[in-house]
Amino acid sequence: MTEFFQSLGMNYEWAWFVATIAGILLIAFPLMLAVAYVILIDRKVWAAINLRKGPNVVGPFGLLQSFADGLKVFLQETIIPSAANKGIFIIAPIITFTVALAAWAVVPFADGVVLADINVGLLYILAISSLSVYGVVMAGWASNSKYPFFSAMRAAAQMISYEVSIGFILVCVVLWAGSWNLTEIVEAQRGHGFGIVNGFYFNLLLFPMWVVFFISSLAETQRVPFDLTEAESELVAGYQTEYSSMAFALYWLGEYANILLMCALNTLLFFGGWLPPVDWAPLYWVPGIIWFLLKTLFFFFMFSWVMATVPRYRYDQLMRLGWKIFLPMSLIFVFVISGYLMATGHFGNPA
Amino acid sequence: MIQAIAFYLFATMVIASGVLTIMSRNPVHSVLWLILAFFNAAGLMVLLGAEFIAMLLVVVYVGAVAVLFLFVVMMLDVDMAELRAGFIKNFPLGIAIALVLLAELVLGIGALGAGPLELGTASGANAPNLANSNIENIGALLYSKYIFVFEAAGLILLVAMIGAIVLTHRDLKTTRGHQNITKQVRRNPKEATQMKQPTVGEGVEL
């Protein structure tokens, strides 16, 4: 895009600057629109599983429901509790929202369609997602109320625990792909299974890692069955109990943007990103971004499917699953996979 | 131009948040300013072209260490007046640490003036290979030239980790009910319930 702005007569630095801003807007606005509709899809899927109709009043088939909700929230009064720590109370939802958007900078939507094609793309996502815990912890502390505080403590422990095993799973994928760059990771999946299947999921060593990654991403985004931070039967509404109006909406949008990011990561790391499922020429006629969005939506469907069918975990079970099952399992797989790759000469001759 | 703006932005933010870390009255605010300082230091690393170090700084310090730090500070009810009372007592120690840091800075700047440190690549040639990415260069160095130092660091961390677990581990079986999860999962209605036909006026013997 920089070349385009340079052709308009700008020098390189300005062209780069304007192109980056345009790129950010081109990602952020469709993402917000996607979040609005994904919330609708979420509610429709739960409704269908519960044999209800779901939102169907605002607009045809309830298509405008999310916008009506947004408007309602926008018109509400912003309440800041008098005992709250005001500065941090206001900054916390802003951090959650910003962090949820920032991670999308390195996500490749199609071949070459990426804002920042950096070497350490996957590490960047790991770094940014480790920041998202601050929005929750700060909200819980600044609210100066006991239920949000409990929720913040739970969230911090939960997210740190599951990030550890997510880190090891990423190492497995990176070992096989030989790069931390997301574009190269996707390209490494071309024809990976039997020379025709695009994606790592057909690999017997990586498939269990995908299962662990999927469950960990549920825990990382605090979705059911791991939504202990918002457990409404115990903690009112968790860390967002004291929030109202737009501050509440920012949490809402940030949460769903994070969920979409995790779906996109599932797609990019294990299911071949923008590549069609099978390495067959006619399938490449469909633009890559369509494949990417379809796969991401499929994972989102799985997220809401889980939400509608699985009951909530107990907190000690959650910790047990993270530390005593997922962590050793992913650690063993890092050993097994690197051993396999060394034995089969995947890395070429070591110098 | 953009690099210069970014550098001065990050540098000012690092210094300002560093100062505010010490100046804040509320310890939680201090930790949050410290996190901002880490984050901007990561930005400076990116400007240097050390993107791997920058990401590690965010993942390790901001994402893990500072969260635990924040956790502890939030849980403890720190009384600032009591902390301030110790100011005079700890003053000599603080001055000593400050002097050591100053000496290190002077030494570091002096050493830099004497010429760059020559680090080797895997093949034994000096000077890093700029054609490869950060991660490849660091990996090639860590796993060839510095392999023993690297392994030793890993071993020390392992010992420290085991030590921490041993120190805090308590056998919970003696203090409260211990759950056997496989036993709980194995339980089914057939084993867990039994039919009784008590006659009127008599209880059930279990």
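All figures in this text were calculated on a predicted structure; none of them were measured in a lab. Letters A, B, ... mirror the listed sequences (proteins, then strands); counts begin at 1.
Contact check for A:Met159 versus B:Val67: no side-chain heavy atoms found under the 4.5 Å cut-off. Under the 4.5 Å side-chain criterion, counting only non-hydrogen atoms from C-beta, B:Glu51 is in contact with A:Asn119.
If you measure heavy-atom distances from A:Leu131 to chain B, the contacts under 4.5 Å come from the side chain alone. In this structure, the portions of B:Ala66 lying under 4.5 Å from any heavy atom of chain A include both its backbone and its side chain. If you measure heavy-atom distances from A:Ile91 to chain B, you find no contacts under 4.5 Å at all.
Atom CZ of A:Phe150 has 12 or fewer neighbouring heavy atoms from other residues, nucleotides or ligands inside a 6.0 Å radius. Enclosure of atom CZ in A:Phe149 by more than 12 non-hydrogen atoms of other residues, nucleotides or ligands within 6.0 angstrom is indicated. Under a cut-off of 6.0 angstrom, the local environment of CE in B:Met13 is sparse, with at most 12 non-hydrogen atoms contributed by other residues, nucleotides or ligands. For A:Tyr315, the OH atom is densely surrounded, since the number of other residues' heavy atoms within 6.0 Å is greater than 12.
Heavy-atom neighbours of chain A within the stretch residues 33-48 of chain B, taken at a separation under 4.5 angstrom, comprise B:Ile35, B:Phe39.
Interface remark: of the candidates A:Leu126, A:Val137, A:Asp316, A:Val137 forms the most heavy-atom pairs closer than 4.5 Å to chain B. Heavy-atom pairs under 4.5 Å with chain A were tallied for B:Val60, B:Leu57, B:Leu68, B:Val28; the largest tally goes to B:Val28.
Considering CE of B:Met55 and CD1 of A:Ile125, their distance stands at 10.5 Å, rounded to 0.5 Å. Separating the CZ atom in A:Phe17 from the CD1 atom in B:Ile5 is a distance of 8.0 Å, to the nearest 0.5 Å. In this structure, CG in A:Asn85 is found 9.0 Å from CG in B:Leu32, a value given to the nearest 0.5 Å.
Checked by atom type and distance alone, the side chain of A:Tyr134 pairs as donor or acceptor with a backbone atom of B:Val62 at under 3.5 Å.
Closest approach of A:Ser130 and B:Val59 over heavy atoms only: OG-CA, 4.2 Å.
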Task: Stepwise side-chain contact (heavy atoms from CB on, under 4.5 Å) check, B:His29 with A:Ile88 - done: CA-CA 9 Å; B:His29 290 182; A:Ile88 297 180; 3.3 Å; yes

